[in-house]
A.B. asks: 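Below: one structure in C-alpha cells.
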Amino acid sequence: MRYDLVIFDNDGVLVDSEPISNRLLAAYLTELGHPTSYEDSIRDYMGSAMHRVHDLVLERTGRRLPDDFDDVFHARVFAAFERELEPMPGAVDVLGKLAADGVPYCVASSGSHARIRVGHRKTGLDRWFGEQQIFSSEDVGRGKPAPDLFLYAAERMGVAPERCVVVEDSPLGVRAAVAAGMDVYGFTAMTPAAKLAGATQLFSDMCELAGLLG
C-alpha cells in the first residue's frame, strides 16, 4: 500500500445517495420558487455542504432560503434513505480488504454527521466505521472545495497530507483534495471523467479500487 490513510467521500462513493438527494433538492428548491432540474442540482451542488445551496440561491436571486430549509430537506432525505438507500456496489468489498490488510481509512463528507450515520446504518456500513473514523463539514469552518475537511481528517487520524489518498466523485471534492496536497482517485460512476480531470487517477468501478491503491 503506497498510502498511510485512505479518505473516502461518502455520498456517491460509499452510499448510492446522490440520485436520491439531488432529486429531492431539485424538487424542494423548485417548490420554493427556484426552478431547479435534477441536472442543475448535480452540476451545482453535488459534493458540497448545505451552505453552498444557501449561498448560490442568495447570489442568483437575492432571496434567502427559509430558516428551516435544512431541517425540512434533511427530513425528506432521511425518509427517502430509509426506503431506498443502498451501498455503492463494491464498497463493502473495498472496506473489507482495507480492514483485513490493516490499512487505516476514514470518511470525510460534506454531509452532516446525522446524514452520514443514517446512511451507514441503513446500508450496514456502520460496522466498518467507528466514531473516530467519521468526519463531516460540520467539523470545520469551510466545506469543499476548501481543503479544510480533508486536512482535519488527516490531522485527527495522525497522518501527513502527502501520505493520504482521497476517493471522490465530485469536482468540488477533487479540488479540495488537490488543495490539501493529497492524491485523489476520481470515481466516474456518476460524474463524467472530464469533470474530474484534476484527479491523480480515474476509475469507474469500485471493484477496481483495491488494486489501484495497492
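Numbers here simply count residues along the sequence, with the first being 1.
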A.B. asks: Give the minimum heavy-atom separation between Asn22 and Ser41, together with the two atoms involved.
C.D. replies: OD1-OG, 2.7 Å
A.B. asks: Give me each pair satisfying salt bridge (charged side-chain N to carboxylate O under 4.0 Å, His left out) with a member in residues 151-165, each pair once, sequence neighbours excluded.
C.D. replies: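 Output for this query lists Asp4-Arg163.
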A.B. asks: State, with a plain yes or no, whether a side-chain heavy atom of Cys106 is found less than 4.5 Å away from one of Ile134.
C.D. replies: no
A.B. asks: Test side chain to side chain contact (heavy atoms under 4.5 Å, CB included) on His120 and Val107 and set out the steps.
C.D. replies: CA-CA 11 Å; His120 284 193; Val107 60; 4.3 Å; yes
A.B. asks: Is there a donor-acceptor pair closer than 3.5 Å between any side-chain N or O of Glu18 and the backbone N or O of Ile42?
C.D. replies: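 It does not hold such a pair.
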A.B. asks: Salt bridge between Asp55 and Arg52, side-chain N to carboxylate O under 4.0 Å?
C.D. replies: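 No.
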A.B. asks: Check the pair Asp183, Arg2 against salt bridge (charged side-chain N to carboxylate O under 4.0 Å, His left out), reporting the backbone distance first and the verdict last.
C.D. replies: CA-CA 11 Å; Asp183 282 358; Arg2 70 189 73 166; over 6 Å; no
A.B. asks: Which heavy-atom pair separates Pro35 from Asp40 by the least distance, and what is that distance?
C.D. replies: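 Pro35 and Asp40 have their closest heavy atoms at O-OD2, 4.5 Å.
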A.B. asks: Rounded to the nearest 0.5 Å, how far does CG of Leu213 lie from CD of Gln201?
C.D. replies: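 So the gap between those two atoms works out to 9.5 Å.
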A.B. asks: Going by heavy atoms in the side chains, are Arg60 and His34 under 4.5 Å from each other?
C.D. replies: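 Contact flag for Arg60/His34 side chains = no.
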A.B. asks: Which heavy atom of Leu24 sits nearest to which heavy atom of Ala80, and what is that distance?
C.D. replies: CD1-CB, 3.8 Å
A.B. asks: Tell me, please, which residues at least two apart from Phe69 pass ring pair (Phe, Tyr, Trp, His ring centres under 6.0 Å).
C.D. replies: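 Testing Phe69 for ring pair (Phe, Tyr, Trp, His ring centres under 6.0 Å), a comparison that skips the adjacent residues, returns Tyr28, His54.
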A.B. asks: Among Arg23, Arg76, Lys122, which one satisfies salt bridge (Lys or Arg N to Asp or Glu O under 4.0 Å) with Glu84?
C.D. replies: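 Only one option passes, and that is Arg23.
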A.B. asks: Closest approach of Ser136 and Ile116, non-hydrogen atoms and distance?
C.D. replies: CB-CD1, 4.1 Å
A.B. asks: Quick test of your reading: applying ring-ring contact (aromatic ring centres under 6.0 Å, His included), list the pairs with at least one residue in residues 160-187, sequence neighbours left out, ordered by first then second residue.
C.D. replies: Phe187-Phe203
A.B. asks: Please examine the side chains of Ser110 and Asp11, heavy atoms only from C-beta on, and report whether any two atoms are closer than 4.5 Å.
C.D. replies: no
A.B. asks: Taking only residues at least two apart or on different chains, which pairs with a member in residues 125-140 satisfy salt bridge (charged side-chain N to carboxylate O under 4.0 Å, His left out)?
C.D. replies: Arg117-Glu131
A.B. asks: Should Arg63 and Leu32 count as side-chain neighbours, where that means a heavy-atom distance under 4.5 Å?
C.D. replies: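 Not touching, per the 4.5 Å side-chain cut-off.
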A.B. asks: Which pairs would a plain distance check flag for residues 86-98, meaning a side-chain donor or acceptor within less than 3.5 Å of a matching protein atom at least two apart in sequence or in another chain?
C.D. replies:
from, atom 1, to, atom 2, distance (Å)
Lys97, NZ, Asp101, OD2, 2.5

A.B. asks: Say whether Val166 and Val174 are linked into one hydrophobic cluster, either directly or through other cluster members, by side-chain heavy-atom distances under 4.5 angstrom.
C.D. replies: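 Same hydrophobic cluster.
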A.B. asks: Examine the side chains of Arg115 and Ser109 and answer whether a donor and an acceptor come within less than 3.5 Å of each other.
C.D. replies: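 No.
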A.B. asks: Assess the residue pair Phe129 and Leu14 against the criterion (side chain to side chain contact (heavy atoms under 4.5 Å, CB included)); give the C-alpha distance rounded to whole Å, side-chain angles, the decisive distance to 0.1 Å, and a yes or no.
C.D. replies: CA-CA 12 Å; Phe129 289 92; Leu14 295 176; 3.6 Å; yes
A.B. asks: Please list all pairs passing the ring-ring contact (aromatic ring centres under 6.0 Å, His included) test where one or both residues lie in residues 133-181, with sequence neighbours left out.
C.D. replies: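 Qualifying pairs, neighbours excluded: Phe135-Tyr152.
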A.B. asks: Could you tell me how the ring of Phe78 sits relative to the ring of Phe81: parallel (under 30°), tilted (30 to 60°) or perpendicular (over 60°)?
C.D. replies: tilted
A.B. asks: If you measure from CD on Glu168 to CD1 on Ile7, what distance do you get to the nearest 0.5 Å?
C.D. replies: 10.0 Å
A.B. asks: Within this structure, what is the CZ-CG distance for the pair Arg175 and Leu172, rounded to the nearest 0.5 Å?
C.D. replies: 6.0 Å
A.B. asks: So do Leu29 and Val53 actually touch side chain to side chain, heavy atoms under 4.5 Å?
C.D. replies: yes
A.B. asks: Which value, rounded to the nearest 0.5 Å, describes the distance between Thr61 atom OG1 and Glu59 atom CD?
C.D. replies: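 Reported value, rounded in 0.5 Å steps: 10.0 Å.
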A.B. asks: For Arg121, is there an ion pair with Glu82 - N to carboxylate O distance below 4.0 angstrom?
C.D. replies: yes
A.B. asks: Between Asp169 and Thr191, is the side-chain hydrogen bond (donor to acceptor under 3.5 Å, both in side chains) condition met? List the steps.
C.D. replies: CA-CA 6 Å; Asp169 71 327; Thr191 308; 4.8 Å; no
A.B. asks: For the side chain of Thr36 and the backbone of Thr30, is there at least one donor-acceptor N/O pair under 3.5 Å apart?
C.D. replies: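 Side chain of Thr36 to backbone of Thr30: no pair is present.
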